[in-house]
Amino acid sequence: MSVTENKNVRVRFAPSPTGALHIGGGHTALFNWLWARHTGGKFILRIEDTDLVRSTKEYEQTIMSGMKWLGLDWDEGVDIGGDYGPYRQSERLDLYKKYAEQLLDEGKAYKDGEAIIFKTEPGQDISFDDIVYGRVEVNSDGLREKDSDKLKDIVIIKSDGMPTYNYAVVVDDHLMQISHVIRGEDHISNTPKQILLYRALNWEVPTFAHLPMILGRDKKKLSKRHGATSIYEYRDMGYMPDSVFNFLALLGWSAGDDKEIFTRSEAADLFELSKVARRPAVFDFDKLNYINQEHLKRLEPLTRLNMVAPFWGEAGLDVEAVKNSRGEKWLADALTLMAGRGRTAKEMAEFSDYFVSFEPVKQRWNADELDKDKLKKFYEFVFAAKDFKASELEELARKWVEENGVKMKDYAMPLRYALTGMKVSPGIFEVAEHLGREECEKRLKFFGLL
RNA sequence: GGUCCCAUCGUCUAGAGGCCUAGGACACAGCCCUUUCAAGGCUGCGGCGCGGGUUCGAAUCCCGCUGGGACCGCCA
C-alpha cells in the first residue's frame, strides 16, 4: 500500500437524477471511486434531486445501475444507507432549513420573496488549493452578475423551499464529512462561492480536486450532439464495462510505466490524485476501440462468450440452440479462435456468426463463378483426413497443392467462403476443424463443392 | 462584458531545470508473415503555440501575447 493510504478519506459522487449516467458523470464517479479504493476510504453516492421538475426516481435507478455496470460500488447511498443519511437531498430539507435560518439570524442572509439569499461580502480572499489545479486565486469582488459590475449574492433556498446546488452541496459535504471533493472542472468557479458558505457557517473547508473536462472531437464540452453520451449506449455498441472503465481512467490520468491496459484493482492501486492532468481530454473512439479489443482478448473464454452472445441474438441467430447441441464451451472456443479479431463484442459477433449458423453464410455467398469440378477434387482429397484436425487438413492441402502445381490461395479462399461466407477469418483449417467434418461437408455440399 | 482555468505529435499522455536529438500508446503509412486480415511482427510519419526574460543550461520557472475552455440560473 502506498503512503497515501488514509482510512478517513470520504469522497462522494453526487449526480442529479435528471438523465442517464453520461460519460462525464461516469468519469467523475470513476475518479472518486479510484481515490476511495486507493486510500481505503469510503465512496458515497448522494442523489441531488432538488430540481423538482426534472428529477425522477427512474433516473436515480438508471444512474445506479450504470455505475454498477461500470463496476463502481459504493459504501453509503440511498439504496444501502449509511451513518450519514439520508442520502437523497429531497429528504434533508430540514437540515438545509436549519442552517439557512442560522444564517438569517446572524444577518448573513436575507429573504427575498420566499427565497433565502446569502449576502456576498466584497473584498474577501476566497482562494483555495486544488490538488489537481494548484492554487486558484479568487476574490469575492470577482463574483459579479453577468454583464454588470454588481456583486452577485447567492441564493441558498429557492422559492419552492428547495436548497440550491451551491448551498446544499456545502451542507451535505460538511455533514457527511466529505474529505475530498472530486468533481469536474466546470465546478471550479463554483468553489469560491461554496467557500464563502463554509466560512459563514464556520465549517472546515474540504480538500478540492477538480478533474479535466471531457471534450468531443470538436474540442467542445461533450454533449448530446457528439453522439453517444450515455454509458449504456456504449454497452449497446458492444463495449465492455472493463474497457470503458479503463478508457475513462486514462482521460486525465496515466498509470505510469506506459501501462495502458489495466483492471479496476490495478488502477486503484496505482491511482494518485496528484497525478491527474489539467488539460481537457478529447474523447477518442479509436483509442476506446483499441482498449476494448485488448480487454476482449484477455477475457476468459466463457466470459467472452457471455459478452458476445447477446449480439448474435440481436442478429437473429439462435444461440441457445447451439449451446444445447454443441455446448457452451464449443461456442466459447470458437471465439478464442477469433484471436483478437473484432474491436467490440458486436464486431466479434458479426465476424464469427458462421459458427452459430450456416444461414448467414448462404446469404452472403454463392459458388456460381467457380470451377466446381476442379475444387471438388481438392476437397475430396483434403477431407479424407482421418481425424479432421487443422494440422492434418493443412498438411493434405499443401501436399495436393504441391503435387498439382497450383496456388494454395486459389483453393483455400473458396473453402473460406464456403464455410464462413467471408473474405476474412481465422486460419481456415482451424475453422474447419472446429466446425467439424459433418458441418463442413454439409456446407460444401450445399454449394455443390463436394 | 467579468471571473477563473488550460496549452507537449491528429488524439490520449510521459516529462517536477541538465537523464530530451522530447518517451510510450492510438490512429495513419509502408514492409514482413501468410490460405485471408479484422490476427501477429517490424519500420516510418508526426509535437513542446508565439515573444520576451531568469539561468552556465528551460518542454519544465516568471511575464506578455495568442489560442482554447468553464462559469457568471431560485439547473446541478
Side-chain angles (χ1 to χ4, degrees), chain A residues 14-18 25 48-51 53-55 89 112-117 130 132-134 136-149 152 154-169 183-193 210 212-213 215 217 219-221 247 250-261 275 277-291 293 297 337-343 347-348 350-351 394 397-398 401 407-417 420 422-429:
Chain A
S16 70
T18 55
E48 309 214 328
D49 58 344
T50 55
D51 183 336
V53 182
R54 298 192 300 150
S55 300
Q89 291 190 326
D112 181 34
E114 289 302 301
I116 300 177
I117 298 164
D130 189 283
V132 175
Y133 284 86
V136 179
E137 304 270 4
V138 200
N139 188 286
S140 65
D141 292 342
L143 302 179
R144 311 271 187 67
E145 287 182 14
K146 193 172 179 180
D147 297 322
S148 154
D149 51 7
K152 176 93 176 126
I154 303 165
V155 177
I156 57 175
I157 301 285
K158 301 183 259 182
S159 303
D160 65 3
M162 299 301 270
T164 58
Y165 164 74
N166 278 128
Y167 172 63
V169 79
R183 67 217 324 186
E185 187 257 14
D186 47 341
H187 285 293
I188 216 163
S189 47
N190 283 321
T191 307
K193 299 174 201 167
H210 288 88
M213 296 275 85
L215 274 25
R217 281 216 92 90
K219 304 220 173 178
K220 296 268 191 289
K221 188 174 170 180
F247 173 70
L250 247 20
L251 256 27
W253 177 70
S254 63
D257 291 330
D258 298 324
K259 189 172 178 59
E260 297 217 285
I261 305 297
K275 299 273 281 182
R278 284 170 282 276
R279 121 163 98 154
V282 175
F283 187 102
D284 180 21
F285 263 97
D286 286 327
K287 190 71 174 253
L288 208 213
N289 284 333
Y290 163 75
I291 289 173
Q293 186 166 31
K297 284 185 202 169
L337 223 48
M338 294 299 289
R341 270 163 271 245
R343 298 174 303 182
E347 267 188 5
M348 186 174 265
E350 284 166 7
F351 295 167
E394 182 173 348
R398 289 197 184 286
V401 161
K407 287 182 184 158
M408 173 72 100
K409 186 180 182 172
D410 296 327
Y411 293 82
M413 280 313 285
L415 177 60
R416 169 168 286 113
Y417 275 115
T420 71
M422 291 179 174
K423 183 173 179 290
V424 176
S425 81
I428 197 56
F429 300 112

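Please read these numbers as outputs of a predicted model, since none were measured by experiment. Here is the naming used below: chain letters follow the sequence lines, and residue numbers restart at 1 for every chain.
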Compare the minimum distances between each of A76(B), A38(B), C74(B) and the side chain of R341(A), then state the nucleotide with the smallest one. A38(B)
Short side-chain N/O contact to U8(B) OP1/OP2 from R279(A), under 4.0 Å: yes
Is there a donor N/O on one and an acceptor N/O on the other, under 3.5 Å, for the side chain of R144(A) and the base of C72(B)? no
Given 3.5 Å as the limit, does a donor-acceptor pair link the side chain of T191(A) with the main chain of H187(A), or not? yes
Can you tell me how far P of C26(B) sits from CG of N289(A), to the nearest Å? 13 Å
P gap between A59(B) and A16(B), integer Å: 13 Å
Applying side chain to side chain contact (heavy atoms under 4.5 Å, CB included), name anything that partners R279(A), two or more places apart in sequence or on another chain. none
Any idea which of A38(B), U11(B), G23(B) is nearest the D258(A) side chain? G23(B)
Check every atom of A27(B), C71(B), G69(B) against the side chain of D186(A) and return the nucleotide holding the closest atom. C71(B)
Kindly say if K152(A) contacts the phosphate of G73(B), meaning a side-chain N or O under 4.0 Å from OP1 or OP2. yes
In this structure, how many angstroms lie between the C1' atom of C37(B) and the CZ atom of F429(A), rounded? 16 Å
Proximity to the side chain of K287(A) - top-ranked nucleotide from C26(B), C9(B), A39(B): C26(B)
Below 6.0 angstrom between ring centroids: does that apply to F283(A) and F285(A)? yes
Proximity to the side chain of R416(A) - top-ranked nucleotide from C71(B), U35(B), A76(B): U35(B)
Give the nucleotide from the list C6(B), U35(B), C74(B) with an atom nearest to the side chain of Y133(A). C6(B)
Tell me the interatomic distance from R217(A), atom CZ, to U11(B), atom P, rounded to whole angstroms. 8 Å
Does C75(B) have OP1 or OP2 under 4.0 Å away from a side-chain N or O of K158(A)? yes
Counting heavy atoms from C-beta on, name the nucleotide in U36(B), G40(B), C26(B) closest to the side chain of D284(A). C26(B)
Figure out the CH2/P separation between W253(A) and A14(B), and round it to whole Å. 11 Å
To the nearest angstrom, the NZ-C1' distance between K193(A) and C74(B) comes to 13 Å
Has K275(A) got a side-chain N or O lying under 4.0 Å from the OP1 or OP2 atom of A14(B)? no
How many angstroms lie between CD in E185(A) and NE2 in H210(A), if you round to the nearest 0.5 Å? 8.0 Å
Starting from C1' on C12(B), measure out to OH on Y290(A) and report it in whole angstrom. 12 Å
Distance in angstrom units between M413(A) CE and C37(B) C1', rounded: 9 Å
From the candidates U13(B), U35(B), C5(B), the one with an atom nearest any side-chain atom of E394(A) is U35(B)
Closest approach to the side chain of V282(A), judged atom by atom: which nucleotide of U11(B), C6(B), U35(B) is it? U11(B)
Between the base of C4(B) and the side chain of S189(A), is one N or O donor paired with an acceptor at under 3.5 angstrom? no
Options U36(B), A27(B), A70(B), nucleotide nearest the side-chain atoms of D286(A): A27(B)
N/O (side chain, K220(A)) to phosphate O (OP1/OP2, G68(B)) under 4.0 Å: no
Interatomic distance, N190(A) atom CG to R183(A) atom CZ [nearest 0.5 angstrom]: 6.5 Å
With a cut-off of less than 4.0 Å, is there a side-chain N or O of T50(A) near OP1 or OP2 of A76(B)? yes
Does a side-chain N or O of Q293(A) approach OP1 or OP2 of C26(B) to a distance below 4.0 Å, or not? no
Rounded to whole Å, how long is the line connecting atom NZ of K259(A) with atom P of G24(B)? 18 Å
Does E145(A) have more than 12 heavy atoms from other residues, nucleotides or ligands lying within 6.0 Å of its CD? yes
